[in-house]
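Taking it in order: structure first as structure tokens, then the write-up.
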Amino acid sequence: MTVTAITSPDDSRSIKRELTRSLRRRKLQAFVLVAPLLLFILFMFIYPIGGMLLRSVYSPDFARAMPATVAAIAEWPGSGTPPETVWAGVARDMLALQQRNEAGPVAAALNVEMSGARSLVLKTARNAGKLTAPYREAMVTLDPMWNDARIWQAIKRLSSPVTPRFYLAAVDMKVDEAGSIVSQPEDRQIYRSLFLRTLLISGVVTLCCLILGYPVAHLLANLPLRISNILMIFVLLPFWTSLLVRTTAWIVLLQKQGVVNSLLVWSHVLTDETRAELIFNRTGTILAMTHILLPFMILPLYSVMKTVSPVYMKAARSLGANQFVAFTKVYVPQTFAGVAAGCLLVFILAVGYYITPALVGGESGTLISNMIAYHIQKSLNWGLAAALGAILLTAILALYWTFNRLTKIDIIGLG
Amino acid sequence: MEQGRSIVHFVNVGKTYDGERLIVDDLSLEIARGEFLTLLGPSGSGKTTTLMMLAGFETPTRGQILLNGQEINRLAPHRRGIGMVFQNYALFPHMTVAENLAFPLNVRALGKAEVEARVIRALDLVKLGGFAARRPAQLSGGQQQRIAVARALIFEPELVLMDEPLGALDKQLREGMQYEIRELHQRLGVTIVYVTHDQAEALTMSDRIAVFDQGKIQQLASPTELYEKPRTSFVANFVGDNNLMAAEVDTLRSDHLCSVVLEGGAKVIAVATDELMPGQKVMLSVRPERLRLDPDAGAGTSSRLKGVIEEIVYLGDHMRIFVRTANQVRFLIKAANKEPHHGLTKGGMLTFGWSAQDCRALPV
Ligand SMILES: Nc1ncnc2c1ncn2[C@@H]1O[C@H](COP(=O)(O)OP(=O)(O)OP(=O)(O)O)[C@@H](O)[C@H]1O
Ligand SMILES: [Mg+2]
């Protein structure tokens with residue numbers, strides 16, 4: 001290709017075309033470069049989270065299992081017992097379920113809505129072959145519970161694939177038999193207090209990390225580089241050992257027959273009978289999580305403190321402030337961006353923490369994420385797990401947004 | 001200087017950071033009340049260190065520093081009541097201009113009304129009345145500098161230290177600020193200790209200048225004296241342009257003059273600055289503007305030399321002519337553009353001279 005000056009309009013048009021083509025090629029290159037990451041994020045992040053959010057409000061399994069019932073019950077306004085068409089639909093669906101041997105999940109789903117419904121459904125399904133029209137009499141004869149209006153309301157609620165019930169359950173509420181939203185009975189309320197406990201423990205862990213991390217970060221930022229590099233290795237050391245190993249180490253240290261308790265007994269602070277419960281409770285969770293999350297506080301603090309010139313402290317001192325005033329009024333405010341970043345990071349990580357509380361938390365130290373894991377792995381109530389997760393996600397996003405707003409104001413201020 | 005007039009007194013102060021090299025070496029210096037004293041010197045000569053010892057951020061390894069007659073070697077910085085302006089202003093970025101100015105007043109627990117009044121007065125003093133609510137980052141370099149000066153003055157210290165306060169400003173702004181600082185000094189009567197390595201700045205602003213080199217004061221004198229009568233070749237060279245020639249004292253004369261022999265063998269009359277001995281090695285120093293292009297015209301020319309013009313630089317109001325003599329000494333001549341200089345061409349020969357009074361023999 002030779003380089004020539006653009007002379008005619010024809011020339012210039014072809015140059016333009018050339019340019020667009022080369023730009024397009026460059027864009028395509030850029031896209032190809034980021035495509036793997038994009039795909040990864042799409043399939044590993046956006047798709048599952050989207051799926052989870054969907055699952056928390058959308059539960060079509062019941063409707064799919066009972067198609068005739070769902071079609072018939074749509075007409076019924078919801079008071080008293082439904083007309084014969086609905087009864088007939090239930091009888092037909094039960095028969096189909098029995099033949100496919102799939103009555104179990106339907107029974108379980110209905111049982112969540114109304115206790116006792118499981119045996120009712122299973123019994124009806126077992127005897128579905130023997131039911132004949134008129135179905136109302138036949139079913140009531142089989143089990144008088146069918147005469148209870150509440151079971152029909154429960155069926156009606158379940159027949160709609162879009163449902164608020166997982167979210168209600170996640171905040172310890174439910175739709176009662178009369179169709180109004182009420183709190184769960186006291187003894188069945190767990191999630192609200194668990195959310196509160198999660199926030200509380202995360203807050204305490206964040207605070208502990210801040211109190212422990214701030215002086216360390218300050219030291220690291222102000223020591224000569226050679227020494228601070230060595231100390232930095234100590235800060236980062238925990239990252240190089242497995243989380244599991246570190247958590248187990250805490251168990252070794254803190255358990256009743258562990259190192260700490262034995263030392264205390266040996267030094268007569270405690271006796272063998274009064275060994276302290278340091279682990280498998282809230283204390284254990286807070287201790288172990290503070291240790292594990294500390295680097296996440298120190299690193300952002302350090303990076304911000306590195307940028308705060310020591311000359312500001314000198315200026316403050318020369319203007320008449322003593323060491324304390326200079327530190328609190330001049331130094332600390334300039335590190336707020338780091339404090340905010342560190343706190344946010346630690347808090348968000350803590351709120352979602354799972355392994356450590358599961359291992360050392362015991363009864364009183366488990367967090368909401370342990371409950372989510374339970375519903376996903378054990379109870380298989382994925383809708384509820386999804387709702388709990390979505391609430392957690394929303395809370396974190398709200399928190400992030402607030403912090404972002406607050407720190408942005410500050411950062412604009414700092415220029 | 002009697003006790004009452006001196007505000008700061010350095011008594012044989014020495015400072016070392018590593019226990020080996022003396023950064024400040026046996027410094028003795030009295031600073032008069034109300035004086036504008038400049039510490040001038042090349043980079044690393046210990047100016048900042050001296051200032052930091054006075055401010056209280058470094059402790060002297062040796063000797064004493066007296067403030068108003070009291071030893072302050074170990075007094076904490078915030079108890080000294082010394083204002084300070086830093087090179088990069090050190091305005092607190094998280095505070096507004098008004099909060100910055102109020103800071104020294106608030107730590108002194110002044111009343112709210114008093115603080116407000118003083119902040120307004122200070123802003124007026126530096127002609128930045130409308131800027132109270134701005135953040136430092138929203139100010140230009142020159143404006144930040146003025147706020148920094150106002151903040152150092154607002155608590156009415158007797159003594160203000162400035163460490164290269166204009167170093168980060170461009171030339172024009174710097175000249176404006178030099179004038180303003182000078183004016184503030186005269187108006188308020190505070191004592192200012194000013195650090196710079198810009199000799200022109202030192203000359204225009206100071207009452208007295210202490211020239212530092214390697215931790216020692218080479219000369220402490222008024223700008224005129226420093227320029228006209230440098231005592232060492234270092235000072236002669238550092239302050240203003242200068243022509244230096246190695247020479248040896250031949251004979252001493254009674255009238256502060258001496259006769260010296262240049263390296264080429266030529267004999268020259270020069271002012272003997274110190275107690276010189278015959279045979280002593282000296283440096284002859286002549287200011288470029290004191291060299292005459294027409295040595296025969298004016299009276300009083302005592303020495304003349306001949307050389308080849310190497311370069312002529314035209315600068316409008318004056319010309320700089322570089323001449324190399326037969327024994328390879330390079331001279332710089334500043335010729336004022338008063339009348340046309342004809343016949344000056346690169347490569348041509350030039351005879352120039354100077355009067356004995358303008359030539360100083362400095363001990364080396
Ligand atoms: N905290 C310190 N520790 C060790 N050496 C130091 C320290 N501060 C300064 N020095 C050394 O002391 C010498 C003098 O430094 P100083 O800052 O006083 O010079 P200066 O005259 O202000 O120079 P400049 O014009 O470059 O600011 C330098 O060689 C410097 O390396
Ligand atoms: Mg300096």
Side-chain angles (χ1 to χ4, degrees), chain A residues 210 214 217-218 221-228 300-344 403-415, chain B residues 17 48 51-52 54-58 75-97 99-110 133-140 144 147-148 150-157 159-165:
Chain A
L210 184 63
Y214 198 92
H218 179 69
N222 289 293
L223 279 176
L225 201 64
R226 205 166 36 84
I227 304 173
S228 76
L301 277 175
Y302 169 78
S303 73
V304 169
M305 285 173 175
K306 241 345 204 188
T307 66
V308 178
S309 161
V311 82
Y312 292 118
M313 280 291 277
K314 280 190 183 169
R317 304 285 319 268
S318 81
L319 292 170
N322 60 33
Q323 195 89 40
F324 179 76
V325 173
F327 188 76
T328 51
K329 291 272 164 61
V330 172
Y331 187 80
V332 173
Q334 291 189 66
T335 62
F336 276 165
V339 172
C343 286
L344 192 64
F403 261 66
N404 227 9
R405 288 279 314 245
L406 288 178
T407 51
K408 205 161 271 162
I409 292 166
D410 216 46
I411 285 164
I412 287 170
L414 293 175
Chain B
Y17 288 107
T48 299
L51 212 61
M52 287 301 160
L54 185 49
F57 296 115
E58 297 290 351
L75 193 66
H78 65 278
R79 296 183 190 281
R80 298 191 179 199
I82 298 177
M84 183 140 190
V85 181
F86 294 84
Q87 178 167 359
N88 290 314
Y89 323 130
L91 295 177
F92 306 137
H94 59 292
M95 296 184 190
T96 64
V97 165
E99 286 163 349
N100 263 285
L101 291 174
F103 184 82
L105 306 178
N106 287 334
V107 299
R108 286 173 173 74
L110 262 61
R134 297 249 194 127
R135 299 266 183 164
Q138 297 164 315
L139 300 178
S140 75
Q144 290 184 42
I147 297 299
R151 190 179 65 175
L153 289 170
I154 198 166
F155 60 100
E156 295 172 355
L159 176 62
V160 177
L161 314 179
M162 303 191 180
D163 191 359
E164 304 199 28

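Chain A is the first sequence line, chain B the second, and so forth, proteins listed ahead of strands; every chain is numbered from 1.
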Atom pair CZ (R317(A)) and CE (M84(B)), whose distance is rounded to the nearest 0.5 Å: 13.0 Å
S318(A) OG to R151(B) CZ distance, which is reported to the nearest 0.5 Å: 7.0 Å
Which portion of I154(B) sits near chain A, non-hydrogen atoms under 4.5 angstrom: neither
Region of R80(B) that comes under 4.5 Å of a non-hydrogen atom in chain A: neither
R79(B) atom CZ, over 12 foreign heavy atoms within 6.0 Å: no
Heavy-atom pair of closest approach, residues [X] and [Y]:
| X | Y | answer |
| --- | --- | --- |
| A321(A) | V107(B) | CB-CG1, 3.9 Å |
| L91(B) | Y312(A) | O-CE2, 3.1 Å |
| F57(B) | K314(A) | CZ-O, 3.1 Å |
| M95(B) | V330(A) | CE-CG2, 4.4 Å |

Residue pair Q334(A) / P93(B), side-chain heavy-atom distance below 4.5 Å: yes
Side chain proximity check, K329(A) to F103(B), heavy atoms < 4.5 angstrom: yes
Atom group of V311(A) that falls short of 4.5 Å from chain B, counting heavy atoms: both
H78(B) side chain to A316(A) backbone, donor-acceptor under 3.5 Å: no
